[in-house]
Amino acid sequence: MTNPATTTPQSRAIPAQPGPREVTGVTDGMIPGLGSSIEFGPGQTPGGVIPGAGPSGKPGSRPTVKLREAGPDDPPRYAPEWLELREPADAAARAHDLLDPLRIRLANLPGRSGIVIHDLGCGTGSMGRWLAPRLDGAQHWILHDRDPYLLHFAAVASPRSAADGSRVSVETRRGDIARLTPDALQGASLVTASALLDVLTREEIDTFAAACAGAGCPALLTLSVAGRVELTPSHPLDAELAQAFNDHQRRDGLLGPDAVTAAAEAFSEHGATVRLHPSPWQLGPEQAALTEQWLRGWVGAAVEERPELRAEADVYLTKRLAALAAGELRVTVHHVDLLALSRPVGGAS
């Protein structure tokens, strides 16, 4: 990684549009334009995994954000169906307890008539839909993603107003994010991302922390995998599959479930105050479609890491899907949210 640029110059400002819950005729959690795209469930299981729900096709890459140089064999990007499917669980899991210290920090920014938020790897914009209505004041969101299809959904489904009724505007930037620099974050009030830390190396996390510190910019980084899952009822193969999955996430020097600890250390070393809070998915019968896709991806990654588990894993998956269809399976997928409050530039409190 030698390219210091953060995005290509392709960008455009888009007026904020109604979010999913503000559009007449749109069901709760549905992204405008997708319609009823999730038509299968435990009783109608597809043959595989929605793109993005399973392991990345190429270690070291996240489908919507290219983190390092890649060739024509780039992995497929996240399907909007997967992002739509997980959005309600993400929203329910994110740590509300981190919002008060963030609000205090943003309220104390000097000389600002509004706040500027960079959302890295925004996908269909779920972070903005969750966070913008929970913050006061005018907001300008800069949505970064490599996929113009996803950027379209993020733009048209962005919320139109903040918690206090102030205006929310949106700018999209299509491009591949390489190393962040303080200059790239100049003028930023906040950097956000979801499910990003675990596909970074230790060097990349340190570079990220240094950029935020240099710009005096806080970071809210949500839904990083913690390496722990709990399935009820339990099964003797649970622990072995979990270990294989975690090993898969650590391929090629990536931090996987160790990323949150590494990020907390890196931000602290750069002078930031770091707060961590659990943000688990709690999946029951009401989230059966999401649970199925997660389960297929989880088992698939474990088998990719340890092919000798395939025969046992096939039987395991069949039994787990049958329990899911019967409403008897519950899953907790542990994540951690991180808020890093870097020292402000210019002496603000």
Side-chain angles (χ1 to χ4, degrees), residues 1-7 55-56 58-70 75 90 94-95 98 101-102 105 117-123 127 142 144-146 175-186 188 190-228 245-279 334-343 345:
M1 284 178 45
T2 58
N3 182 6
T6 56
T7 62
S56 173
K58 181 177 181 181
S61 295
R62 179 186 177 194
T64 59
V65 181
K66 188 168 74 174
L67 301 168
R68 47 190 68 79
E69 293 303 318
D90 287 349
R94 287 192 179 99
L98 296 181
L102 176 61
R105 171 61 185 275
I117 302 171
H118 289 255
D119 188 13
L120 307 183
C122 67
M127 174 62 91
I142 301 175
H144 299 259
D145 206 284
R146 66 185 298 195
D176 292 330
I177 299 170
R179 291 191 173 191
L180 285 175
T181 65
D183 287 344
L185 295 178
Q186 185 174 4
L190 174 66
V191 171
T192 66
S194 284
L196 176 65
L197 289 178
D198 34 292
V199 293
L200 299 180
T201 65
R202 192 171 298 273
E203 178 185 3
E204 289 161 347
I205 283 179
D206 186 68
T207 299
F208 184 21
C212 291
C217 179
L220 179 63
L221 309 171
T222 68
L223 300 169
S224 297
V225 296
R228 295 184 295 116
F245 176 84
N246 290 341
D247 290 343
H248 183 278
Q249 301 303 98
R250 295 183 177 109
R251 286 182 171 190
D252 288 3
L254 306 185
L255 289 173
D258 308 317
V260 171
T261 299
E265 292 172 351
F267 276 99
S268 295
E269 288 170 2
H270 286 282
T273 299
V274 177
R275 298 172 184 258
L276 301 175
H277 201 281
S279 53
H334 289 276
H335 304 100
V336 179
D337 288 3
L338 181 151
L339 174 64
L341 300 174
S342 299
R343 292 181 183 136
V345 173

Original post:
Would a distance-only check, ignoring hydrogens and angles, find a side-chain to backbone donor-acceptor pair under 3.5 Å from R105 to S342?
Top reply: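 Yes, R105 side chain to S342 backbone: donor-acceptor pair under 3.5 Å.
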
Which heavy atom in [X] sits nearest to a heavy atom in [Y], and how many Å separate them?
X    : Y    : result
M127 : T192 : CG-OG1, 3.7 Å
L339 : L98  : CD2-O, 3.4 Å
L196 : L200 : O-CG, 3.7 Å
L341 : P218 : CD2-CB, 3.8 Å
A95  : P278 : CB-O, 4.2 Å

Enter the distance from [X]:[atom1] to [Y]:[atom2] here, rounded to the nearest 0.5 Å.
X    : Y    : atom1 : atom2 : result
H118 : L185 : NE2   : CG    : 6.0 Å
L221 : L338 : CG    : CG    : 5.5 Å
L223 : D90  : CG    : CG    : 4.5 Å
E204 : L254 : CD    : CG    : 7.5 Å
L190 : I142 : CG    : CD1   : 11.5 Å
D119 : H144 : CG    : NE2   : 8.0 Å

**OP:** Would you mind reporting whether T207 and I205 have side-chain heavy atoms less than 4.5 Å apart?
**Re:**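 No; the side chains remain at least 4.5 Å from each other.
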
Original post:
Would you call S279 and H335 a side-chain contact if the rule is heavy atoms closer than 4.5 Å?
Top reply: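 Heavy-atom side-chain distance check passes, below 4.5 Å.
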
With a cut-off of 3.5 Å and sequence neighbours excluded, list every side-chain donor-acceptor pair involving residues 255-272.
unit_1	atom_1	unit_2	atom_2	d
D258	OD1	R250	NH2	3.3
D258	OD2	R250	NE	2.7
S268	OG	A264	O	2.8
H270	NE2	D206	OD1	3.1

Original post:
Would T222 and D337 count as having a side-chain donor-acceptor pair, cut-off 3.5 Å?
Top reply: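 No, no side-chain donor-acceptor pair sits under 3.5 Å.
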
Original post:
Do S194 and R94 have side-chain N/O donor and acceptor atoms under 3.5 Å apart?
Top reply: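 There is such a pair (donor and acceptor under 3.5 Å, judged by atom type) between the side chains of S194 and R94.
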
Original post:
Just one of D198, V199, L276 clears the side chain to side chain contact (heavy atoms under 4.5 Å, CB included) bar with S224, so which one?
Top reply: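 Among the candidates, only D198 passes.
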
